[in-house]
Amino acid sequence: MRQSQLFAPTLKEAPKDAEVRSHQVMTRAGMIKQVAAGVYAYLPLGLKVLQSIERIVREEMDALGANELLLPALTPADLWQESGRWDKYGPELMRLKDRKDRDFLLGPTHEEVITYVVRDYAKSYKKLPIALYQIQTKFRDELRPRFALMRGREFSMKDLYTFHTSEDDLDIWYQSVWQAYLRIFKRVGLDVKVVNSETGQMGGKSAHEFMVMSEVGEDTITFCDTCDYAANVEYSKLSVGDRCPSCDQGKILVAKGIEVGNIFKLGTKYSESMNAKFTNDQGKEQPIIMGCYGLGVSRTLMAIVEQHTYDNGLIWPKEVRPYTYHILIADNTNAEQVRQAESLYQSLKTKASVLLDDRSERLGSKFQDADLIGSPIVIVFGKDVAEGYVEIHHRVMNQKERVVLKDIESHLIAS
Ligand SMILES: [Zn+2]
């Protein structure tokens, strides 16, 4: 990609309402733009990363044997009246009426719709288990939308629903999805802790949350410095310095966490209220046993930025970075710099993702933008080109090296 053609409106200063660094960096990097409170446009760079997260999520969901589908965001109120949530959900539910005065909602979650889709089909134990997921826009009318994509009113989620004949089968899936979530978060470059949680609005029997430790998180987590133990502070009553109840060796620490995923054993809450039943192998009718598994795609994007932001910008984790190489032309009135940079760009772009800064900006502002765009390797074609050298900045190690121009490509591929 040529930067002269890239729509990435970078800013010198973050907007005043950007309280957290991920919000500041995403706005300054021209990745998102606020359209209304809690409602954002994803600009090309933000969308590119979002799509990489989606690709990883799809790969891991498909590997489990789950099928992707797409449910409507616009949901008739009847389905939520069947489950009882139309009255219970509260003011966060985005409600609306059509021209015939019928009630609708914009889905914050899709248990009702998926149960409606599956119940007519899964009448026999032979049809189960079923695992269906979607990546979709969700809505919550937050009283106080905060921190950009962290708590928005419109956001992107992956939601998976599983349908089973037995609790044992649900347990197997629950464990598999848990492991898939750990792989997803590792691949997108996030450290997560898994905590036990209350089931809340979703109902059901057992639930866990996947938390990214961060000072801007809205939950408080107690965790062990030695083993995997972690719990929401409301349920553990432990405090800093206590001995870990799980391994009996480590010390308890407390930190804020951002919830990026959650998994629930719903049991028969929705299948009973919405009459989703199957006939078992003894010919007896039973409610289907369900699980649901959410993953905040747009919130994951924000959490990645939060965890990978440094003093002057960010460095993307490998699997989600928009560009591996960022080539800067120091002076694009210098024909030799331009010619050499173009030559590397043409060759590299067949093998890797490359951004070429071919704009007529000062080198200083090109560097500032490169810090925000977040490629790990920046290659500078400057004065040294005349002597046959270029400079490579390895941003992860914060190192610069001067390399012989004719060896640049083999050098890059090796490093
Ligand atoms: Zn421990």
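Both counts, for ligands and for their atoms, begin at 1 and track the order of listing.
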Lys/Arg cation over aromatic Phe163: Lys127, 6.0 Å, 45° cone: no
Test applied, side-chain hydrogen bond (donor to acceptor under 3.5 Å, both in side chains); reference residue, Tyr270; option that passes from Glu112, Glu82, Arg119, Arg85: Arg85
Those residues that, when tested against Arg102, pass salt bridge (charged side-chain N to carboxylate O under 4.0 Å, His left out) (two or more places apart): Asp98
Ring geometry between Trp178 and Phe210 (parallel below 30°, tilted from 30 to 60°, perpendicular above 60°): perpendicular
Charged tip of Lys265 within 45° of Tyr174 ring normal and under 6.0 Å: yes
Cut-off under 2.8 Å, centre the Zn ion (ligand 1), protein N/O/S atoms: Cys224 SG, Cys227 SG, Cys244 SG, Cys247 SG
Ring geometry between Tyr40 and His23 (parallel below 30°, tilted from 30 to 60°, perpendicular above 60°): perpendicular
